[in-house]
Asker: 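Quick one: the structure is below, and I'll ask about it shortly.
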Amino acid sequence: MIKNILVVIEQRDGKIKKSSLEAVSTASKLASETNSSVQSIALGSEIENLSSIAEYGVSKINHFKNSELHSYSPSAYTKIISEFVIQSGSDLIIIPNTSFGKDLAPRIAARISAGCIMDITHFEISADELICRRPIYAGKAMLDVKFLSEKKVLTLRPNVFKAEKLPGLSAEITLNEVTSPDLTTRVTEIKKSEGKLDVAEADIIVSGGRGVKGPENFHLIEELAETLGAAVGASRAVVDAGWRSHGEQVGQTGKTVSPSLYIACGISGAIQHLAGMSSSKYIVAINKDKDAPIFSVADYGITGDLFEVLPKLTEEIKKMRS
Ligand code: FAD
């Protein structure tokens with residue numbers, strides 16, 4: 001069974017991502033269930049409040065520091081983490097299923113000859129084995145998978161597992177200065193919409209599709225999003241058309257999201273879009289076609305013209321909030 005769990009912490013611009021706290025919390029619960037130990041590894045230069053992750057249930061934090069590790073480098077991160085896994089005797093490596101985790105997890109698994117199960121939404125211990133559940137066929141079915149390998153790498157779908165604080169806990173931070181990291185490959189630039197929420201981490205998302213008719217009308221989506229404190233998402237059709245950036249795309253070839261509330265406006269609900277958002281807690285669809293497939297996954301639906309519905313909805317929510 002599992003003995004030593006290692007959680008890989010993701011930081012961006014020195015700030016720890018919420019999905020990493022979810023991973024620490026989940027690892028901590030799994031550790032108490034399986035009577036195993038849990039520690040974490042974070043790479044970067046200055047990482048804000050690194051010690052605060054202790055409150056989510058990890059007592060050992062290993063910080064590998066070098067200014068070149070500030071941004072993600074697949075080659076350096078894979079090498080450092082894989083070597084640490086071997087040295088620390090970790091047998092289960094948990095990583096958030098973000099763009100970072102999706103890239104890193106298979107690399108580490110290949111390097112340490114581990115099995116790799118990605119995008120887990122649930123797991124349980126059954127007959128001393130870790131059984132992981134993940135969506136397949138673009139979310140149409142769920143698959144229960146178990147590891148056959150001794151070493152295991154798994155990634156957790158963001159926003160599915162809770163980040164729960166356990167007040168009063170503290171951690172020991174071990175600082176490792178890294179000299180000459182292997183920077184054969186590295187991320188040199190991350191383009192993001194300034195000051196806006198990331199769909200992968202947002203608790204509420206308002207998404208627009210081709211029904212919005214053009215980029216000039218996206219202010220309707222943005223206004224509702226702002227009123228709700230939500231992130232703006234988009235279908236691939238509007239990203240391909242150049243109306244919105246790829247960072248906002250939800251779906252099979254975009255981001256997988258699991259917010260509490262997903263509002264789809266003028267989105268038909270193609271299977272590739274559903275693949276990225278069908279695990280949202282509540283789905284609201286606004287579409288003028290009552291037969292649009294999006295209604296088959298929606299908890300609440302409004303059959304209507306979004307150009308009439310959205311301004312009224314935004315106004316009503318503003319009134320309620322004031
Ligand atoms: P449409 O399908 O054109 O739907 C527009 C909707 O707006 C319609 O339902 C219409 O009734 C409604 N509408 C029109 N006017 C109004 C109005 N005034 N008020 C209200 N409703 C209105 N798609 C993704 O989204 N994400 C992905 O990651 C993705 N990956 C893909 C990967 C592959 C390999 C392939 C082949 C496709 C992928 N797609 C993806 C594309 C997907 O198949 C669809 O083409 C796309 O999702 C359609 O986008 P849409 O719903 O915005 O547009």
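Just so you know, ligand 1 is whichever comes first in the structure, and atom 1 is the first atom listed for that ligand.
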Asker: Counting non-hydrogen protein atoms only, what is the nearest one to atom 50 (P) of ligand 1? Give residue, atom name and distance.
Answerer: S235 OG, 3.5 Å
Asker: Do Q249 and T253 have side-chain N/O donor and acceptor atoms under 3.5 Å apart?
Answerer: yes
Asker: Would you tell me whether S260 and Y282 have side-chain atoms, one donor and one acceptor, within less than 3.5 Å of each other?
Answerer: no
Asker: Which residues pass the side chain to side chain contact (heavy atoms under 4.5 Å, CB included) test with K288, sequence neighbours left out?
Answerer: K213
Asker: What do we get for V238 next to ligand 1 when only non-hydrogen atoms under 4.0 Å count, side chain, backbone, both or neither?
Answerer: neither
Asker: Between T303, V309, N287, which one has a non-hydrogen atom sitting closest to atom 12 (C) of ligand 1?
Answerer: N287
Asker: Answer yes or no for I267: is there a heavy-atom contact with ligand 1 below 4.0 Å?
Answerer: yes
Asker: Relative to atom 49 (O) of ligand 1, which among G211, G304, A237 owns the nearest non-hydrogen atom?
Answerer: A237
Asker: Could you give the side-chain donor-acceptor pairs of residues 148-164 under 3.5 Å, partners two or more places apart or in another chain?
Answerer:
from	atom 1	to	atom 2	distance (Å)
S149	OG	G115	N	2.9
S149	OG	K151	O	2.6
K151	NZ	S90	O	3.0
K152	NZ	S149	O	3.3
K152	NZ	E150	O	3.0
T155	OG1	N97	OD1	2.7
T155	OG1	D119	N	2.7
R157	NE	D119	OD1	3.0
R157	NH1	S279	OG	2.7
R157	NH2	D119	OD2	2.8
N159	OD1	K18	NZ	2.6
N159	ND2	A202	O	3.2
E164	OE1	K29	NZ	2.7

Asker: Nearest heavy atom to atom 21 (N) of ligand 1: which of H273, Q249, Q272, K288 does it belong to?
Answerer: K288
Asker: Regarding atom 28 (O) of ligand 1: of the candidates T253, V239, V212, I286, which has the closest heavy atom?
Answerer: T253
Asker: Should you measure from each heavy atom of D305, which atoms of ligand 1 turn up under 4.0 Å away?
Answerer: 17 (C), 18 (N), 19 (N)
Asker: Just heavy atoms, cut-off under 4.0 Å: does A270 contact ligand 1 by side chain, backbone, both, or neither?
Answerer: side chain
Asker: Around E226, counting heavy atoms of other residues, nucleotides and ligands shown, do more than 12 lie under 6.0 Å from its CD?
Answerer: no
Asker: Under 3.5 Å, is there a donor on one side chain and an acceptor on the other for D103 and Y77?
Answerer: no
Asker: Out of A241, S207, P293, G266, whose heavy atom is nearest to atom 6 (C) of ligand 1?
Answerer: G266
